[in-house]
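Everything below concerns the one structure shown next.
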Amino acid sequence: MNKSWMKRQSRLGYLFIGPNMLGVLLFFIIPAAYSFYLMFTDYRFMDPDTNFVGLANIRRMLGDEIFYVALRNTFIFLLAVPVSILLSFLVAVALNKSVYLQKTLRALYFMPYITSGVAIAFVWMLLFQPTSGPINGFLQGIGIAHPPGWLSTTESSMYAIDIIWIWFMLGYNMIIYLAALQEIPEELLEAARIDGARPLQTLLRIIWPLVSPTTFLLLITGLIMTIKNFGIIQAITQGGPGNSTTVLSLFIYQNAFRYYEMGYAAAISWALFVIIMIFTVLQWLGQKRWVHY
Amino acid sequence: MMTLMMSGFALLMIVPFIWMISTSFKSPADVFKYPIQWIPASLNWEHHIKVWSGSDSFVTYYLNSLKISLISMAGAVFLSAFAAYGFARIQFKGREPLFLVYLSMMMVPPQVLFVPKFLMFEWAGIYNTHWALILPGMFTIFGVFMLRQFFLSVPAEISEAAFIDGAGHFRIFFRLVLPLAKPALATLAIIDFSWHWNDYENALVFLLDKDLYTVPLGLQNFILENNVDYNGMMAAATAGIIPMILVFLIGQRYIIQGVAGSAVKG
């Protein structure tokens, strides 16, 4: 190819990606760079006196008790991911067989994922009412005298959020598993049947290993998605009672827009970035080992 | 047997929705009655009327959400398609590193961007306007990524033949590739629309005035102001969910396809 043709191609290429590139620059790259700078300042909203403080924000974060509470809560929040994956695997296997109403059932499982997180947050808030809510009504009905206080006590609140999150993610994971299950060659399962494998054996020894790349992918992307989310928690509990549902992502939001500690919030948000980067690197390494195209 | 079990479990998945709708029609005294009254003794429409009328009406929230979601979606689909074609089909200097920059931006959590965006919008005078949601909403890295995958799967021979016939990239893009990509474009459009419709976090950070509120914010506002009116809360939640259920029923095939495709290939 001659040079002028290459040049023309390059110009055309920039013309095509230019408009989108401009937006990515304005709304992703520049803000990210700016946030990186803010991390080293004591910037507070409306305060004209901003100083460069070096690593003070990071030191403050590492000495902040609530930061560790938030970190711990974040890990409890992340527990929902493997549980939801396991459940959705079982559902997907069941729905992959020819079941009546297959399509309708898939749609029903997927429904929570498509609906607004805020609306379902409020529905669950009422369902979880400790004294008169339907869930505890049911539990007392089957003979549990002292059902948990769910969102109202510091011990149980994070687990109540986990339940909501498991319910929310299940349909999404199920759809991805269904796609993976359809890739499994029918002959393989046929062969197992002929060799006398029982259904449970087939499930554990053949299907589960075969979809392991999908499991790994769902695990990592689920962790990343969950760690970023704070809307559902902000809507239900605002981090309470106490700080028992303050996760890292919510902690950042509170510091920035409730206390206007924007420099400090920037520092914590980069801590979140580091965690996400670790998951992303794991996924990248995992893809090489697990995912066969 | 399997059908029965799976139906039972599926019912568990949608029971919160059923309870929500049923409660929105109950009288206040019946909300927490146990055993649960699934079908209210009498249909109370007053809670729904309250949600849809008055000064903070869901009509306003719907119109705001619709405006923001539709403009963002249209912009996102068009701009992503353009960029995705560039990345997939044109050889230019720095293409690979640029695409890597795009991908790395997917790693940046939204929390990193909130404060700087807030300050930028304040400075530009678009904080607390719909532009603060629409402008950034028109750019989606996921969209570029997804459509690029699709364009790569369109056989190169098609555009090569057009090249020989003297067509340029613009002609090929508009006349050949875009029409072929209709299903992928529809998938992105529906997924993107649902993101914008359900977006609570950005609205929470960038909107202040009640008359600008989107559906998730309006819902939150309604519940803060009526926090003892459980029937009203559930009527508001119903109003917040119905549009997405409709979109889902219409676009089910695309949504499921898009979700499955993006994860398996991503």
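In the text below, chain A, chain B and the rest are named by the order of the sequence lines, each starting its count at 1. The analysis underlying the following values was restricted to heavy atoms, covering all of them including side chains, and did not include hydrogens, waters or symmetry mates.
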Between [options], which shows the greatest number of heavy-atom pairs under 4.5 Å with chain B?
{"options": "A:Ala121, A:Gly18, A:Gly117, A:Ala119", "value": "A:Ala119"}
{"options": "A:Ala256, A:Ala265, A:Gly171, A:Ala235", "value": "A:Ala235"}
{"options": "A:Phe45, A:Tyr113, A:Phe36", "value": "A:Phe45"}
{"options": "A:Thr221, A:Leu127, A:Thr280", "value": "A:Leu127"}
{"options": "A:Ile224, A:Leu126, A:Ile175, A:Ile30", "value": "A:Leu126"}
{"options": "A:Tyr177, A:Tyr34, A:Phe279", "value": "A:Tyr34"}

Contact class of [X] relative to chain A, heavy atoms under 4.5 angstrom:
{"X": "B:Met5", "value": "neither"}
{"X": "B:Val144", "value": "side chain"}
{"X": "B:Val101", "value": "side chain"}
{"X": "B:Met107", "value": "both"}
{"X": "B:Ser194", "value": "side chain"}

With only heavy atoms counted, which part of [X] is less than 4.5 Å from chain B, the side chain, the backbone, both or neither?
{"X": "A:Phe257", "result": "side chain"}
{"X": "A:Tyr37", "result": "neither"}
{"X": "A:Phe230", "result": "both"}
{"X": "A:Met21", "result": "both"}
{"X": "A:Ile29", "result": "both"}
{"X": "A:Leu38", "result": "side chain"}
{"X": "A:Ala107", "result": "both"}
{"X": "A:Ser132", "result": "both"}
{"X": "A:Phe273", "result": "both"}
{"X": "A:Leu178", "result": "neither"}
{"X": "A:Gln140", "result": "neither"}

Quick one: sort the [X] and [Y] rings into parallel, tilted or perpendicular, breaks at 30° and 60°.
{"X": "B:Tyr213", "Y": "B:Tyr61", "answer": "tilted"}
{"X": "A:Tyr109", "Y": "B:Phe9", "answer": "tilted"}
{"X": "B:Phe99", "Y": "B:Phe145", "answer": "parallel"}
{"X": "B:Phe58", "Y": "B:Phe222", "answer": "perpendicular"}
{"X": "B:Phe170", "Y": "B:Phe174", "answer": "parallel"}

Can you see whether A:Tyr172 engages A:Ser88 through a side-chain donor-acceptor pair at a distance of less than 3.5 angstrom?
no
Can you check whether [X] reaches [Y] side chain to side chain, under 4.5 Å on heavy atoms?
{"X": "A:Asn173", "Y": "A:Val91", "result": "no"}
{"X": "B:Val177", "Y": "B:Ile172", "result": "yes"}
{"X": "A:Val24", "Y": "B:Tyr102", "result": "yes"}

From CA spacing to verdict: side-chain hydrogen bond (donor to acceptor under 3.5 Å, both in side chains), A:Tyr260, A:Asn255
CA-CA 6 Å; A:Tyr260 293 120; A:Asn255 272 301; over 6 Å; no
Mind checking what makes ring pair (Phe, Tyr, Trp, His ring centres under 6.0 Å) contact with B:Phe82, not counting sequence neighbours?
A:Phe16, B:Phe78, B:Phe173
Using the side-chain contact (heavy atoms from CB on, under 4.5 Å) rule, pick out the option among B:Ile90, B:Leu98, B:Leu79 that qualifies with A:Ile17.
B:Leu98
Which one, B:Trp195, B:Phe114, B:Tyr230, leads in non-hydrogen pairs under 4.5 Å with chain A?
B:Tyr230
Verify, without hydrogens or angle tests, whether A:Gln283 (side chain) and A:Leu217 (backbone) share a donor-acceptor contact under 3.5 angstrom.
no
